[in-house]
Amino acid sequence: MTVLFLTLMILWAVGPKTAAAQTVNPQGDQLRTGPVLMVTDYAVVEGERGPGSSFVLQMNIANLSEVNSAHNVVATLKIENVSVSLQEGVTNQLYFHEIPPQQTVSVQFPMEVYSYCAEENMILSMTMTCYDDAAVHYDFQTMMTPDIDVNRTLNVTSLAVPQFVHRNSSMIISATLNN
């Protein structure tokens with residue numbers, strides 16, 4: 001009875017991990033699965049996101065695999081906006097020797113928003129490349145759109161409208177707008 005109970009406990013402990021890590025194709029053959037990297041969340045941890053300001057963006061990169069480590073991970077941040085950049089002297093690439101299964105690493109990027117920024121969102125992508133234990137290469141990408149605090153105000157300081165308008169004719173309206 002004790003031997004049977006111990007055997008069942010070992011099967012129960014090993015069974016779910018093995019089953020979750022296996023992928024089966026339609027022919028019933030087991031396919032190899034590797035690490036799965038993804039930015040699970042991001043947040044501004046310091047500073048302001050308005051035009052002319054700087055801030056620190058923190059991202060959490062997780063290996064979602066239940067059994068496979070990600071080795072030689074290179075994470076590259078790409079910024080699509082022309083009015084947002086990394087602060088001077090900061091690199092957009094980070095290296096991790098290993099991210100074990102079900103583990104998360106936090107990365108921080110000091111950024112700045114130029115004073116002429118009119119965009120309401122940053123468009124960022126984090127590309128992650130890695131290898132598994134068998135030296136198989138994997139590529140992953142996560143897109144992010146953090147908000148930029150842009151106050152939009154449009155003031156009309158003068159408006160000139162013609163006194164008369166005729167049917168089927170054009171008219172010119174003059175306005176002075178300040179943003």
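Please read all numbers here as calculations on a predicted model, not as lab measurements. Atom set for the values below is all heavy atoms of this structure, side chains included, hydrogens, waters and symmetry mates excluded.
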Quick one: are [X] and [Y] in side-chain contact, heavy atoms under 4.5 Å?
X: V107; Y: L77; result: no
X: E66; Y: Q102; result: yes
X: P35; Y: N63; result: yes
X: M126; Y: Q141; result: no
X: N60; Y: Y42; result: no
X: M128; Y: I61; result: yes
X: S69; Y: D132; result: no

For V74 versus Y95, what's the shortest heavy-atom pair and its separation? CG2-CD1, 4.1 Å
Return the minimal non-hydrogen interatomic distance between Q87 and M111, and the atom names on each side. NE2-O, 3.2 Å
Mind checking the [atom1]-[atom2] spacing from [X] to [Y]? Nearest 0.5 Å is all I need.
X: E98; Y: D133; atom1: CD; atom2: CG; result: 7.5 Å
X: Q58; Y: S106; atom1: CD; atom2: OG; result: 4.5 Å
X: L124; Y: N92; atom1: CG; atom2: CG; result: 11.5 Å
X: L57; Y: M122; atom1: CG; atom2: CE; result: 6.0 Å
X: N72; Y: I99; atom1: CG; atom2: CD1; result: 11.0 Å

Extract all donor-acceptor atom pairs below 3.5 Å that involve side chains of residues 43-54 and protein atoms in other chains or at least two apart in sequence.
residue : atom : partner : partner atom : Å
R49     : NH1  : D147    : O            : 3.4
S53     : OG   : E48     : O            : 2.8
S53     : OG   : G50     : N            : 3.0
S53     : OG   : G50     : O            : 2.4

[Y] backbone acceptor or donor facing [X] side chain under 3.5 Å:
X: S65; Y: V67; value: yes
X: E112; Y: S85; value: no
X: N81; Y: S83; value: no

Going only through I, L, V, M, F, W and Y residues with side-chain contacts under 4.5 Å, is there a path from V136 to V36? yes
Quick one: do V84 and M143 end up in the same hydrophobic cluster if we chain Ile, Leu, Val, Met, Phe, Trp and Tyr together by side-chain heavy atoms under 4.5 Å apart? no
Can I79 and L86 be said to form a side chain to side chain contact (heavy atoms under 4.5 Å, CB included), step by step? CA-CA 9 Å; I79 303 169; L86 290 171; 4.1 Å; yes
Do H137 and Y131 have ring centres separated by under 6.0 Å? yes
Start with the C-alpha distance between F140 and C130, add both sets of side-chain angles, then the distance that settles side chain to side chain contact (heavy atoms under 4.5 Å, CB included), and finish with yes or no. CA-CA 9 Å; F140 304 96; C130 67; 3.9 Å; yes
Side chain to side chain contact (heavy atoms under 4.5 Å, CB included) evaluation trace for F109 with L94: CA-CA 10 Å; F109 291 97; L94 299 169; 3.7 Å; yes
Check this for me: Q93, atom CD, are more than 12 non-hydrogen atoms of other residues, nucleotides or ligands nearer than 6.0 Å? yes
Is it the case that over 12 heavy atoms from other parts of the model lie below 6.0 angstrom from the NE2 atom of H97? no
Qualifying residues under ring-ring contact (aromatic ring centres under 6.0 Å, His included), relative to F55, sequence neighbours excluded: none
Test log, rule side chain to side chain contact (heavy atoms under 4.5 Å, CB included), inputs T129 and V73: CA-CA 6 Å; T129 61; V73 178; over 6 Å; no
